[in-house]
Number of protein chains: 2
Amino acid sequence: MWAYTPLLLPSATMTTDSKANFRLSPCNATTLRMASRRLTQLYDAALEPCGLRSTQLAILSELAHWSADPPTLAELADALAIDRSSLGHNLRPLEREGWVVLGESAVDARRRHIALTSKGRAKWREAVRLWRVAQERFEYVFGRSEAASLRATLLGIAHHERLASLKD
Amino acid sequence: MWAYTPLLLPSATMTTDSKANFRLSPCNATTLRMASRRLTQLYDAALEPCGLRSTQLAILSELAHWSADPPTLAELADALAIDRSSLGHNLRPLEREGWVVLGESAVDARRRHIALTSKGRAKWREAVRLWRVAQERFEYVFGRSEAASLRATLLGIAHHERLASLKD
DNA sequence: TTATCTTAGGGGCATATGCCCATTATGCAG
DNA sequence: CTGCATAATGGGCATATGCCCCTAAGATAA
């Protein structure tokens, strides 16, 4: 179990070989991307049997939990803290597989409302079971409360307006 | 200044509008990717004048600090906690711009040694100056010691063997 | 020495990510 | 009502990321 503090440095858990070339990168974005890559691999491996990737499950989950009317691209992108264009690209495979549908808006012809299909909801439920394995595995190693704390910190970074761009 | 604890929830810093659709994602990988996307945008925006992206600067930095002989693809990938193939792809633009060169190995014809060119080192120095702006900006908001603590945690995740895959 | 096994990279494929620009649709000023 | 500013998407381009498989080259067993 790790402490969510710098007390246990990563080097303590590393092999001699990898420790040799280890360099504590001072860049916050780089370390964030490094950890993101690794953990995404862990979750993607767990999700592999159902044919979903982490990003795709995140989209389906957001839709599955959406309480109001099906969101527009912009609304969904905002909730996921993802670029609008990126979300548009990411929806393509989900649409192709028939997991989501993009419907027209009655009040504004510019908007497309994104909705989960029943097939998509079934796939989502299937994926969640696999996701839980990876989630449990990570939190077993990292610590459950430490993980919750980390998520809160990361969500803060993701949704913070003053960090969203250089404009201020 | 944020506390590196869940005491200050992200919602405390959010607009009413975005708070409405805010859903505290329980997935550690997803929140990691969300924060990663946002912060990468911040750093990339700062680096934009020099024509480098965060990932590219990370590669050049690792090479600039490399103490031993120029690393092989596998060694560099390991240090950056990135997939070997991914690093191969990422090196292509850097090679095209003449910032790095891939030399042959004298002892093992399979290996390619990656070295920074003088042009690449100059570009790296230029980028570091821009990088510092983004780094300072983030740490001004997030807190310097909190950032250091977060980096240590993230590096631990990135380099932890038991989290690298589902095999155990 | 030869057959086999392992390792290092490269190429192809697919998704992920975001920028810019074009198109279309609203909204609003006049 | 017309013309312009604005908003929502889509398409194109480029990089990021990782998987799989292939080939070449070193290492090892027979």
Side-chain angles (χ1 to χ4, degrees), chain A residues 29-30 32-45 47-48 51-59 71-78 80-97 99 102-114 158 164-165, chain B residues 29-30 32-45 47-48 51-59 71-78 80-97 99 102-114 158 164-165:
Chain A
T30 297
L32 213 31
R33 269 181 295 102
M34 284 171 66
S36 167
R37 284 195 294 264
R38 282 303 194 99
L39 210 54
T40 296
Q41 278 182 295
L42 173 73
Y43 280 73
D44 278 357
L47 292 177
E48 192 270 336
L52 277 181
R53 314 289 226 56
S54 296
T55 300
Q56 302 178 325
L57 175 56
I59 294 173
T72 64
L73 245 162
E75 289 169 336
L76 188 58
D78 202 56
L80 292 167
I82 194 175
D83 180 82
R84 273 94 179 197
S85 296
S86 300
L87 178 60
H89 297 320
N90 294 348
L91 285 175
R92 236 47 74 80
L94 304 181
E95 202 180 4
R96 169 164 47 75
E97 300 295 330
W99 295 327
L102 285 113
E104 316 285 321
S105 169
V107 294
D108 189 336
R110 291 171 302 181
R111 301 183 191 174
R112 313 285 310 272
H113 289 284
I114 309 155
S165 72
Chain B
T30 297
L32 213 32
R33 268 180 299 102
M34 284 172 65
S36 167
R37 283 195 294 264
R38 282 303 193 99
L39 209 54
T40 295
Q41 277 182 297
L42 173 73
Y43 280 74
D44 278 357
L47 291 176
E48 192 269 338
L52 277 181
R53 314 288 226 59
S54 296
T55 301
Q56 302 178 325
L57 176 55
I59 294 173
T72 65
L73 243 163
E75 289 170 336
L76 188 58
D78 202 58
L80 293 167
I82 194 175
D83 179 82
R84 273 95 183 208
S85 296
S86 300
L87 178 60
H89 297 320
N90 294 347
L91 285 174
R92 235 49 71 79
L94 304 181
E95 201 180 4
R96 168 165 48 75
E97 300 295 330
W99 296 327
L102 285 111
E104 316 283 321
S105 168
V107 295
D108 188 337
R110 292 171 302 180
R111 300 184 191 172
R112 313 285 309 275
H113 290 284
I114 309 155
S165 72

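When the C1' atom of D/dT17 is taken as reference, atom CZ of A/Arg53 falls 8 Å away, rounded to whole Å. Rounded to a whole Å, the CG atom of B/Leu94 is 12 Å from the C1' atom of D/dA16. Rounded to whole Å, the distance from CD on A/Gln41 to C1' on D/dA16 is 13 Å. For the pair B/Leu76 CG and D/dT17 C1', the computed distance is 15 Å after rounding to whole Å. When the C1' atom of C/dT17 is taken as reference, atom CG of B/Leu39 falls 15 Å away, rounded to whole Å. Protein atom CZ of B/Arg96 is 8 Å distant from nucleotide atom P of D/dA14, rounded to whole Å. A straight line from CZ of A/Arg33 to C1' of C/dA16 spans 13 Å, rounded to a whole angstrom. In this entry the distance linking NE2 of B/His113 with C1' of C/dG9 reads 13 Å, nearest Å.
Within 4.0 Å of B/Leu87, counting heavy atoms only, lies no atom of the nucleic acid at all. Using a 4.0 Å heavy-atom cutoff across all strands shown, B/Arg92 reaches sugar-phosphate atoms only and no base atom.
Close to D/dT17, at under 4.0 Å from its OP1 or OP2, lies no side-chain N or O of B/Ser86. Phosphate contact (OP1/OP2 of C/dT15, side-chain N/O of A/Asn90, threshold under 4.0 Å): absent.
With D/dG18, C/dG10, C/dA16 as the choices, the nucleotide that has an atom nearest any side-chain atom of A/Arg37 turns out to be D/dG18. Closest approach to the A/Ala74 side chain among C/dA16, D/dG11, D/dT9 is made by D/dT9 (side chain taken as heavy atoms from C-beta onward). Counting only heavy atoms from C-beta on, A/Thr55 has its side chain closest to C/dA16 among D/dA16, C/dA16, C/dT15. Comparing C/dT17, C/dG10, C/dA25 by their nearest atom to the side chain of A/Ala109 picks out C/dA25. Comparing atom distances between the A/Arg112 side chain and each of D/dG10, C/dT17, C/dC19 picks out D/dG10 as nearest. Among C/dA25, C/dC13, D/dT9, the nucleotide with an atom closest to any side-chain atom of A/Thr72 is D/dT9. Proximity note for B/Pro93 (side chain, C-beta onward) versus D/dT15, C/dG18, D/dT17: the nearest is D/dT15.
Pairing each heavy atom of A/Tyr43 with each of A/Ser54, the nearest pair is CB-OG, 3.4 Å. Looking at every heavy atom in both residues, A/Ser36 comes nearest to B/Arg33 through OG-CG, 3.0 Å. Minimum interatomic distance between B/Arg37 and A/Leu80 (heavy atoms only, all atoms of both residues): NH2-O, 2.8 Å.
Taking the side chain as every heavy atom from C-beta outward, A/Leu91 and A/Leu73 approach each other to under 4.5 Å.
Of the residues near DNA chain C, B/Arg111 and A/Glu97, the one whose nearest nucleotide (by heavy atom distance) lies more toward the 5' end is B/Arg111. Remark on DNA chain C: of its neighbouring residues A/Leu91 and A/Asp108, the 5'-side contact belongs to A/Leu91, judged by nearest-heavy-atom nucleotide. Mapped onto DNA chain D by nearest heavy atom, B/Arg110 and A/Arg110 fall at different nucleotides, with A/Arg110 at the one closer to the 5' end. Along DNA chain D, the nucleotide nearest B/Val107 and the nucleotide nearest B/Ser85 are compared for position; the residue whose nucleotide lies closer to the 5' end is B/Ser85.
Rounding to the nearest 0.5 angstrom, the gap separating the CD1 atom in B/Ile82 from the OG1 atom in B/Thr55 is 6.5 Å. Between B/Leu94 atom CG and B/Ile59 atom CD1 the span is 5.0 Å, to the nearest 0.5 Å.
Side-chain to base pairing of A/His89 with D/dG11: no donor and acceptor N or O lie closer than 3.5 Å to each other.
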